[in-house]
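Chain identifiers are assigned alphabetically (A, B, ...) following the order of the sequence lines, protein sequences preceding nucleic acid strands; residue numbering begins at 1 within each chain.
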Amino acid sequence: MIDLRVLRENPDLIRRSQELRGESTRLVDDLASADTAHRNALQRYESLRAEQKQFGKKVSAASGDEKQQLLARTRELSGAVKAAENAVTTAAEALRNAQFAIPNLVEEGVRPGGEDDYTVLREVGEIRTPDPCRDHLELGELLGAIDMERGARTSGARFGYLTGVGAQLQLGMLQLAVQYALEHRFTPMIPPVLVRPDAMAGTGFLGAHAEEVYYIERDDLYLVGTSEVPLASYHSGEILDLTEPRRYAAWSTCFRREAGSYGKDTRGIIRVHQFDKVEMFSYCRPEDAAAEHERLLAFEEDMLGKMELPYRVIDTAAGDLGSSAARKYDCEAWLPSQQRYLELTSTSNCTTFQARRLGVRYRDEDGKPRTAATLNGTLATTRWLVALLENHQRPDGSVYVPKALQPFVGREVLEPVG
RNA sequence: GGAGGAUUCGCCUAGUCCGGUCUAUGGCGCCCGCCUGCUAAGCGGGUUUGCGGUUAAUCCCGCAUCGAGGGUUCAAAUCCCUCAUCCUCCGCCA
C-alpha cells in the first residue's frame, strides 16, 4: 500500500516508479482525485457529526417543550449525518481500491524493463557440464530419490514423492538452513500454512497472484504459497522495538496452483504444487532496509556456497518486480541438463508497502509510531535438489554430497540403487 | 457439534442490568517537574491509536476508536444481530 503522504507531497516520485515498471501513470492521478474526494467527504461528515453531538448534549440537559423542539431538530440532523457517513464509506472504498492498484515504489537504481532486462551482478563458481549429463529426474530415479509417477497416481500432475535419500537430502538441507539461521540470530519458526483471508490479502497475494492460491472454501482458509504470508502477518497491528532488525526463519510447506504455467517445467520437481522451504523474513526500520536486503542476499549466497553450486546473482528489472517489492535479487544456479540458469532464491525489499497494509510499526527516536519495513528471502527450498543432483552427478550416476551437507545427510555420496 | 462466561487507552481494572453528566474510573508501569546529602518515599502534571484541519515545527481544534462488522435510536462501551478469539463444561473423534 502506497503512502498517501508521498502522493500528496511528491506524486512525481510515484509517476516515475510507474514508468519504470511499465505501468500506467494515470493510476496516480486517479488515486490523487480519490484522496481529495475522500478528504472532502470526511470533512463534511465530521462537521455534521460535531454539530449532532453538540445537540445531543443539549437534548439530555433539556426537558419538556424545549426538549421536544430540540428532538425535532436533531432528527433532521441525524439523516444528514447518515448520508454524509455513507458518502465517506463510498469514498473510502474508492480510495482503498485506487491505493491497491498501485504497486510499491521502485528503489533507486533499479533498471526499467521486463523479465529479460535484469542486470547480472556477479557469477560465482565454475560451470561444468557432466558427461554423460543426466537430468535431475533421471538421477532422482536412479538413486531412488524422486518418484513422480506414484506422485501423480496419488495426487495428480506436479506432485511427487521424495523417497529414501531424496527425503534425507531435503531434510538435511533444510536442517542446515535452520542451523545457519540460528547462527545468524534468526528466530526459527514453524508457522501455520492455512491462513485467513486477512493474512493472505494483507501480504498482497490475493491481487495479481489470486489464481496461484489454493483456497479451502468450506473453512474460508487459504493455503500459503510461501511462509512469507504467516511471517508478515505475525506482527500485524503491533508496534515493535526495531532498534535492531527482527529476523525470523520459517520452515514450512508451500502450496501453489501453478495456474498459467501449463507446459512449463513439467518434468521432475522444478515446478510442483507442494514443496518445502526455509524462508527468511526481516522487520526493520525503513532506513535500514536497503542494508538488510544486502544482508539477506549475502546469507543466500553463503548457503549456495555451502551447496558448492555455480550460480549468478541478478538484480531484477522494475517490470518483473512483485507488486510489494521495491527491489528484488535472485540467485540462479546453473542447470547443466538445460544449459540455463534456474532461480533458487529470491529476496525482496518490500520497504513499508506490506507493513503499512498490515499495520506493523515501530517507535522512532521521538517515540512516534512509524511504519516498519519488511524483507524476505529464500534460505533453502526443495528446488535446490534439482541443482544439487545435476551439478554433483558423476559418470556412474552417483551424486556427491557437499561437505556442509554431509553431517546432515549422513553420507558423502548417494549411490544408484539396484 | 452443544451450553455458559469473557474481550475496555502498555498491564490490571470500574462502568454494561436501568442508553444522555463517559470528555471512559482507579491502580501499576513509564515520562516530565517539584522536594531532597544520594536513592527511595511524597507532591503536581502527563501517558491509546488513526485520520482531518491548522502550523516552519510544536501547540491547539474536530472526528473516529471500549475484540470486528452490521442494526435500533435524536443519542450506544451500555440495547439487538452476525462473526472472531479466549476460558469452563457436555458430546464426538485421531
Lys/Arg-Asp/Glu bridge criterion (N-O < 4.0 Å) met for [X], [Y]:
X	Y	answer
A:D12	A:R15	yes
A:D117	A:R111	no
A:D315	A:K328	no
A:K306	A:D302	no
A:D3	A:R356	yes

Check whether any side-chain nitrogen or oxygen of A:K368 sits under 4.0 Å from OP1 or OP2 of B:A57, and answer yes or no.
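Negative; the distance criterion is not met.
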Taking only N and O in the side chain of A:R363, is any of them less than 4.0 Å away from OP1 or OP2 of B:U49?
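So the side-chain polar atoms of A:R363 do come within 4.0 Å of the phosphate oxygens OP1 or OP2 of B:U49, strictly under.
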side-chain hydrogen bond (donor to acceptor under 3.5 Å, both in side chains) pairs, two or more places apart, involving residues 375-384 of chain A
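Of all non-adjacent pairs touching residues 375-384 of chain A, those that pass side-chain hydrogen bond (donor to acceptor under 3.5 Å, both in side chains) are A:Q170-A:T382, A:E228-A:N376.
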Qualifying salt bridge (Lys or Arg N to Asp or Glu O under 4.0 Å) pairs, either residue in residues 236-263 of chain A, two or more places apart
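Pairs touching residues 236-263 of chain A that pass the test: A:E211-A:R257, A:R247-A:E292, A:E258-A:R271.
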Look at all strands and tell whether [X] reaches a base, only sugar-phosphate, or nothing, counting heavy atoms closer than 4.0 Å.
X	value
A:F55	nothing
A:R73	nothing
A:L71	base

Both atom distances under 3.5 Å, Watson-Crick or G-U wobble: I'd like the secondary structure of RNA chain B as a dot-bracket string, with | for pairs made across strands.
((((((((.[[[..)....(.....]]]((((((.......)))))).(((((......)))))..[[[[[..)....]]]]])))))))....
Closest to side chain of A:Q52, choosing from B:C63, B:U85, B:A75
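In terms of side-chain proximity for A:Q52, the closest of B:C63, B:U85, B:A75 is B:A75.
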For RNA chain B, find the residues of residues 5-13 of chain A with a heavy-atom distance under 4.0 Å and give them by number; none if there aren't any.
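Residues of residues 5-13 of chain A under 4.0 Å from RNA chain B: A:R5, A:R8.
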Under 4.0 Å from any atom of RNA chain B, heavy atoms only: list the residues of residues 75-88 of chain A that qualify, in numerical order.
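Listed by number, they are A:R75, A:S78.
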Contacts of type ring-ring contact (aromatic ring centres under 6.0 Å, His included), residue A:Y341, not counting sequence neighbours
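Listed in chain order: A:W334.
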Looking at residues at least two apart in the chain, or sitting in another chain, which of them share a ring-ring contact (aromatic ring centres under 6.0 Å, His included) with A:H392?
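By the ring-ring contact (aromatic ring centres under 6.0 Å, His included) rule, A:H392 matches A:Y400.
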Rounded to whole Å, please give me the gap between [atom1] in [X] and [atom2] in [N].
X	N	atom1	atom2	value
A:D219	B:G1	CG	P	9 Å
A:L4	B:G52	CG	C1'	12 Å
A:R44	B:A64	CZ	C1'	18 Å
A:L48	B:A75	CG	C1'	16 Å
A:R196	B:A68	CZ	P	14 Å
A:R39	B:C63	CZ	C1'	15 Å
A:L240	B:U49	CG	P	15 Å
A:E238	B:G67	CD	C1'	15 Å

With rounding to the closest Å, how many angstrom separate the [atom1] atoms on [N] and [M]?
N	M	atom1	answer
B:U54	B:C61	C1'	8 Å
B:G15	B:U58	P	39 Å
B:A6	B:A68	C1'	16 Å
B:A64	B:A56	P	28 Å
B:G45	B:C35	C1'	15 Å
B:A14	B:G27	C1'	11 Å
B:G70	B:C87	P	28 Å
B:U16	B:C22	P	13 Å

Which parts of nucleotides 76-83 of chain B does protein reach within less than 4.0 Å, heavy atoms only, written one letter per nucleotide 5' to 3' as B for base, S for sugar-phosphate only and - for none?
S-------
Around A:R285, counting heavy atoms of other residues, nucleotides and ligands shown, do more than 12 lie under 6.0 Å from its CZ?
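Atom CZ in A:R285 is crowded, with more than 12 foreign heavy atoms closer than 6.0 Å.
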List, with names and distances, any nitrogen or oxygen atoms from the protein found under 3.5 Å away from nitrogen or oxygen atoms belonging to nucleotides 60-62 of chain B.
| residue | atom | partner | partner atom | Å |
| --- | --- | --- | --- | --- |
| B:G62 | N2 | A:E46 | OE1 | 3.1 |
| B:G62 | N2 | A:E46 | OE2 | 3.2 |

For A:E279, all residues meeting salt bridge (charged side-chain N to carboxylate O under 4.0 Å, His left out), sequence neighbours excluded:
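Once residues adjacent in sequence are excluded, the partners of A:E279 under the salt bridge (charged side-chain N to carboxylate O under 4.0 Å, His left out) criterion are A:K277.
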Taking salt bridge (charged side-chain N to carboxylate O under 4.0 Å, His left out) as the test, write out the residues that go with A:E217, two or more places apart.
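Expected list: none.
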Apply side-chain hydrogen bond (donor to acceptor under 3.5 Å, both in side chains) to A:D147 and list each qualifying residue two or more places apart in sequence or on a separate chain.
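Scan of A:D147 (side-chain hydrogen bond (donor to acceptor under 3.5 Å, both in side chains), adjacent residues dropped) gives A:R150.
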Can you see whether [X] engages [Y] through a side-chain donor-acceptor pair at a distance of less than 3.5 angstrom?
X	Y	value
A:Y362	A:H235	no
A:N104	A:S324	no
A:T154	A:Y161	yes
A:T25	A:Q18	no
A:Q175	A:Q179	no

Hey, which of these two, A:P369 or A:T89, hits RNA chain B nearer its 5' end, going by closest nucleotide?
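This one resolves to A:P369.
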